[in-house]
Each structure stands twice: as structure tokens, then as C-alpha cells.
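Reading through the C-alpha cells given below for one structure.
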Protein chains: 2
Amino acid sequence: MTDQRGSLSLSDIAREAGVSLTTASRALNNSYGVSAATRDKVLATARRLDYVVSPDAVRLASGSRTQRVALVVPHVERWFFGEMVNGIETVLAAANVDLLLYQVGGPEDRQDFFSRLPARRKVDAVVVVAFPVDRVEQERLELMGVGIVAAGGQSAAYPYVCIDDYQAGRMAVDHLVELGHRRIAMIAAHDPDQPGWPMRSGRSEGYVDALAAAGVAVDNSLIRDVDWGGLNAAAAMDDIFDAAQGDPPTAVFAHSDELALGAMRTLRRRGMRFPEDISIVGIDDHPVAALTDLTTVRQSVREQGEIAARLILDVLNPVADEGAPRAVTAPITLTVRASTGPVPNRTRPPAQATRDH
Amino acid sequence: MTDQRGSLSLSDIAREAGVSLTTASRALNNSYGVSAATRDKVLATARRLDYVVSPDAVRLASGSRTQRVALVVPHVERWFFGEMVNGIETVLAAANVDLLLYQVGGPEDRQDFFSRLPARRKVDAVVVVAFPVDRVEQERLELMGVGIVAAGGQSAAYPYVCIDDYQAGRMAVDHLVELGHRRIAMIAAHDPDQPGWPMRSGRSEGYVDALAAAGVAVDNSLIRDVDWGGLNAAAAMDDIFDAAQGDPPTAVFAHSDELALGAMRTLRRRGMRFPEDISIVGIDDHPVAALTDLTTVRQSVREQGEIAARLILDVLNPVADEGAPRAVTAPITLTVRASTGPVPNRTRPPAQATRDH
DNA sequence: CTGAAAGCGCTTACAG
DNA sequence: CTGAAAGCGCTTACAG
């Protein structure tokens, strides 16, 4: 008897092979207690008829795990999230676990996801990619009664993988300081749709400390905190220059390469060249960094995704010795390119007017 | 009785509410034939106990659709695919259908996907994002016995949505021609892991025809076809200039913005400025285009994803009148920015040596 | 080694 | 309006 989908069912195979349902099941599952001959016969007819079991029925009958995990992510189309998903999918697919994708970019999506919990009773685990989960969301998540892991962000409550933001900021700004820079602007960004990250990111703290270590006082007129996106960074950069007429920055630290790219547009339009007139450094090593000769603090988001997937696998099949890591910090490395260099000597002001594009 | 997950089952609700399983089911499903009082009682206890049905059990019992679709995509982390997935997920989520994500970037992944067909018996439809499916892969896909749609690429066999590549190429090159350019280089790209696209892309044909319309003969020394990626485009650009010493191009048409960005790196490193020394145009309107002042032929991949999702919904719930479109061509628009301009007058050669970065 | 039977969590004719 | 029963496609004790 075929099912609604038109697929064959186990009973079709059993009948065709001339054995009982029980035996057919055991043969397909390679259980013990089936003669080689019988098994082969069943396997052969299954193959011939191109039979595959119904995973849903198996789940129901055996009470086994769903072999599915929910991946909840703000925006798949952004590089960071895409890389993360890529890494996660790669190792999960190899382990034969399926990925259910849920986007919670906007506030409504998010509200909807946590209130409806569409993944409920569908998955064995959920991985929350790079966004902070507040108390009530956390409670909703617990309601699902499955394992949870956080990828790309620190989490007090769940196993997680992420980079050390403080070190990243420190590394970027130390680099500028070593080149002699003292007037260093900073462009930070928050995703307006993802409230809840700590007000002051570790990256900003790295900036402050790097300056302090060089004996430089923080100048708030050189700092802007914008909504996510290169265009906003471009505006912020203009803003900083307009505000700091007399004593403009000689370098800028952007919290991400995408922000850096936006800032670079402004600087380029103002006729500045890198690194002759100004230096700039980002974080990520986004593919565009190499193409724009941007110095950056590299992180491998894909690898973080792979690690997150292993964390998930641990959650799905807890090992006896409980040796699974609960928190892993991914490595970062300073990648110097042509966008950073020594402090320009400011005998002549940069060509402010000669828009050379 | 709670299930393996620890979730409550319908019988728990029925018992608690003091009704039969049948009635409980009908109340929850809002079927007719349940008194308002009974329904309310059941609904109340379900809410109180925070009960949700097991989708898998429902499916099995009712023979209904899985409400799941498989999304098979080469690389989620690339902008184009990410946007597509975003668009698809958005409308599918609103329709309460879940997305199972499968990546088939490398040849092995791909081979594995089509031979194992991991999504088999798990979904009602599969959407293949932007990669050509060959004959045998197509046969494997049919085996799943579900609807299929192609997003981001033309398909003879399935409903699809994509842009008109010929028009895109034509639009880009016509723009350059109108600016007076005659020596126009072209950088095309193929994904080495995705064989099967037509040898000569529609974009290339648009280029050829645009030149022909201007009475310009194609010069193959100005054309390169590289593997996907900005870095390869950068190398190709170098190559073109090295080869065309005497008579270098005054403009370049890149098949995508990412390729354009790579080419721009080469040009910038060679001391050229846009558009004073050379013009360049891409396709996509990738976010970096705005940030690098790149002229491009814009397409909204996200909208194509949304359209693809509607195509899927049509496949899932075929409407009687069969009025569902089988093929839709998404609009494109030329977006002029500062990277294109009139032909430079070549009285003095471009500053080949003065690497101004 | 093999099979009849019960059960997984639900739905849906079929009777009342 | 309500419920007992059969059934969806499988697995798994329990007997033989």
C-alpha cells in the first residue's frame, strides 16, 4: 500500500519480498536476528523498488530523535550569518541531521518566532545565531525542551562559540597606535532590530584600553555608534570630519569591514587616499577586505559555524564523560593590508576640496 | 501520556478536559460538530498545559502535506544565494511552511545530495537555487515525486524565476557605448563547481550585440572567462592589460559586482581612477556597489526569492484555474554611479607607474 | 531466525 | 454533539 505521497511503504516491500513486516523492518535496519539470505532478499527488493522509509513514521514509532535542528538567524543574506550557516550546515549534513531555517530579522518576525515557536516539536535542538536572547525569549525557548546553543555571540545560558571582541578591538587599535596614530576615530554599530547586545561592545573597550595604553585620552567627538550598514558608517564618517575640523583623525577603527567600506567611501570622496592621507582598519576579513586592500582583524566565521555544529552534536548525543566544551573562543589574527600605514605628516592639509573621487 | 520528548500528547489534554480523544482533536482543529462549551474547555486546558500537536503525527494520520520544502543551494554565504534564501524564507514562513536547507557547493556535496536524496520523503517540494540540474540529477529529483521550482536560473523543466541575462549584458554595455567607449573589456565567470550553465552566458551575448550595434568588432584579447570570485577577476584584469599594451580598454564590463570589485582593485593598484582613467560597470547592485560608487545593472534577488516562494506555494496548493505563472522574468534597471564616465582622452597615457594605490 | 500484536500521536469515517 | 475504533507507516517487545 502506497502512502499519500505515492511512496511505497514497508508493507509493500515485505509483501514483495515474501516476509513479514517485522522481518522487513529488521533487515532494513540491519538489526540482528535476520538470516543473511532473508536480509539480502529484502534489501534487494527495497533497492529494486527504490524504497526509502518514512522518517516521520520511524520517529513516531521508535521515539527516536528527530534528527532535525532549528537554525534561527537574523539575516541569512548578510555575510556573517551566511558563513555561520554554511559552517553549521556542512558538519550537520555530514552527520545526517537536517536544518530547519528560521529568520528573525525584524522585530515582528522575532516576536512571532518566540511566541508561536514554530519549530516546537519539530527539532531536537536549536541554534541561535549571533543575537542576544532576552529573559522572556529564553523562557519560551526552554519551553521547547530541547538543547540550545549560541553561535557567534557569548551566552551566559548556553554553550557558545564566538571571538573575543575585546581582543579584536585591542588588536586593531594597537596596530594603529604602533604606526604612530593618536587621533583614532571609531565607528561602532548596533543592529536596531537586535536590541540587547551589551551597550558597550567589547570592541569598544579594546579601543579605549589600547588608547589608554598609549597614554591617549578618549575623544568622544571621534566616536560614532550607528545602525548597522555601510551607508550609515559613511554618514558617520562625514559627521566625524565635519565635527573635528581643526584636528581630524589620522586613522579610523571600524567595528566591521562593512562599516569600514562605508567609511572609506566618504574618505575617498573627500579626496583622501589610503594610507597616505588616512589609515583604516576593520574586523572580519570579509571577502571585500582583500579586494579593497583593507587591513582587518580576521575571524573565520565558517569555522565558528563548524564548531557550533559540533556543540549541537554534543547536545544531541551527550557523551558520557561530559567532556564536551561549553564555550569556545575562536582565534583572530591581524591581517595587514595597504589601508594602514604611518601617520601622514600634516604639513599640508589633506586635499579636502579636490574631490578626486 | 507524555511522549519521548517529554511533551504532552493529545490524550493528556483529552483526559484532563474530560472528553474523548476524538472530541479533543476536533476542538483543537476547530472542526464542526463540537459544542462551543466543549471546545472552549478543551482549548483552555490545552493552553493551560501549553500543548502543541505533533506535526509528524498529524501528517502520518491525516496524510496531509508535510508543509516542508527543501531548499537546495550551492553556497548560502554568497550574497546572491543569501538574498534568494531570505526572500524565499520570508514568504514561506508567513505561509507556515518550513524550510529544510541543503548546501551543494562542492562536487561531492552535490553528488551526495542527488544520490542519497536526503530530503526524500521529508518535503512537499524542492527549490533549486541558481544552478543547472543535469539530466540524471533531474531524474533523481523526479524520484522524490514532489514539485520542483528553479530560482535564479532558467529551467526548461520547472517553473522558474530569473532575470533576462541578455538584457542585463546589453544594458550594461549599451551604457558604456553611449558614453563613447569602444574598447570595452569583459570579465565573465563560471563557478567551477557548477558546470552546466550554457557555455556562453546571455550576458556575453548582450555584450557582443551591444558592440555590434555600435559597429565594433569583438576583440577576444579583451575578454576573460574566470572561475567565480573577485580575486580571479583581479588577475584577469591584470592579464588583459598586460596583453593589450598598445591599445588598452577604456572600460570594462564585469558579469557581476563582485567581479567588478576585483577588477577595480587591479585598476586602482595600477594607478587608475574611476571614471577619469577607466569606466567599469557590473551587474547585481550588491551592497558593495553603493559603497564603491560602482555603476551596475540592478536586480532584486530578494524579490526573486519571494516570487520563487509563491511559485512553490502554487505547486503545493495547485489552484483550479491553473493560472499560476510558470516562468517569471524579474526586472532589472541600470543604476549609474561614479564608476562610469566619458572616454578619457588619451593624449597622455594613464599613470601606469605612479602606483597611487 | 521469524512473525503476530501492540503502540507511537494523531485523524477520521462510522455509529450513536 | 460525542465517542469507540480503525488506520497512517513504522518499530519493538514478546512469543515461538
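Protein chains get the first letters and strands the later ones, always in sequence-line order, with residue 1 at the start of each.
Taking 4.0 Å as the cut-off between side-chain N and carboxylate O, B/Arg121 and A/Asp50 do not count as a salt-bridged pair. Using a cut-off of 4.0 Å between Lys/Arg side-chain N and Asp/Glu carboxylate O, B/Asp191 and B/Arg78 are scored as salt-bridged.
Contact check, A/Arg121 against C/dC10: a side-chain N or O comes under 4.0 Å of OP1 or OP2.
Atom CZ in B/Arg15 sits about 12 Å away from atom P in C/dG9, given to the nearest Å. As a whole-Å value, the separation of A/Leu60 CG from D/dT11 P is 11 Å. Nucleotide C/dG9 holds its C1' atom 8 Å from the CG atom of B/Leu10, rounded to whole Å. The CG atom of A/Leu8 sits 16 Å away from the C1' atom of D/dC8 (whole-angstrom rounding). Atom CG of B/Asn29 is separated from atom P of C/dT12 by 7 Å (rounded to the nearest Å).
Distance noted for atom C1' between D/dG16 and D/dT12: 16 Å (whole Å).
Considering only heavy atoms from C-beta on, A/Val127 stays 4.5 Å or farther from A/Ile148 through its side chain. When side chains are defined from C-beta on, B/Asp98 counts as touching A/Tyr102, because their heavy atoms get closer than 4.5 Å. You'll find the side chain of B/Arg310 stays beyond 4.5 Å of the side chain of B/Val161, heavy atoms only. Using a 4.5 Å cut-off on side-chain heavy atoms (C-beta onward), B/Thr45 and B/Arg48 make contact.
Of the residues in residues 16-28 of chain B, those placing a heavy atom less than 4.0 Å from an atom of DNA chain C are B/Thr22, B/Ser25, B/Arg26, in numerical order. Taken residue by residue, residues 35-52 of chain B places heavy atoms nearer than 4.0 Å to DNA chain D at B/Ser35, B/Thr38.
For B/Ser20, the side chain to side chain contact (heavy atoms under 4.5 Å, CB included) test picks out B/Thr22, B/Thr23, with sequence neighbours left out. By the side chain to side chain contact (heavy atoms under 4.5 Å, CB included) test, B/Ala157 pairs with B/Gln138, B/Ser155, sequence neighbours left out. In this structure B/Ala330 satisfies the side chain to side chain contact (heavy atoms under 4.5 Å, CB included) test together with B/Ile163, B/Gln304, sequence neighbours excluded.
Under the 3.5 Å distance criterion, with hydrogens and angles disregarded, no donor-acceptor pair is assigned to the side chains of B/Arg26 and B/Thr38.
Counting only Watson-Crick and G-U wobble pairs whose two key distances fall under 3.5 Å, DNA chain C forms stems of three or more stacked pairs at C:1-3 with D:14-16, C:5-12 with D:5-12, C:14-16 with D:1-3.
Contacts of B/Asp56 with the nucleic acid, taken as non-hydrogen atoms under 4.0 Å apart, are absent.
Here A/Glu77 contributes atom CD and B/Glu89 contributes atom CD; the two are 10.5 Å apart, rounded to the nearest 0.5 Å.
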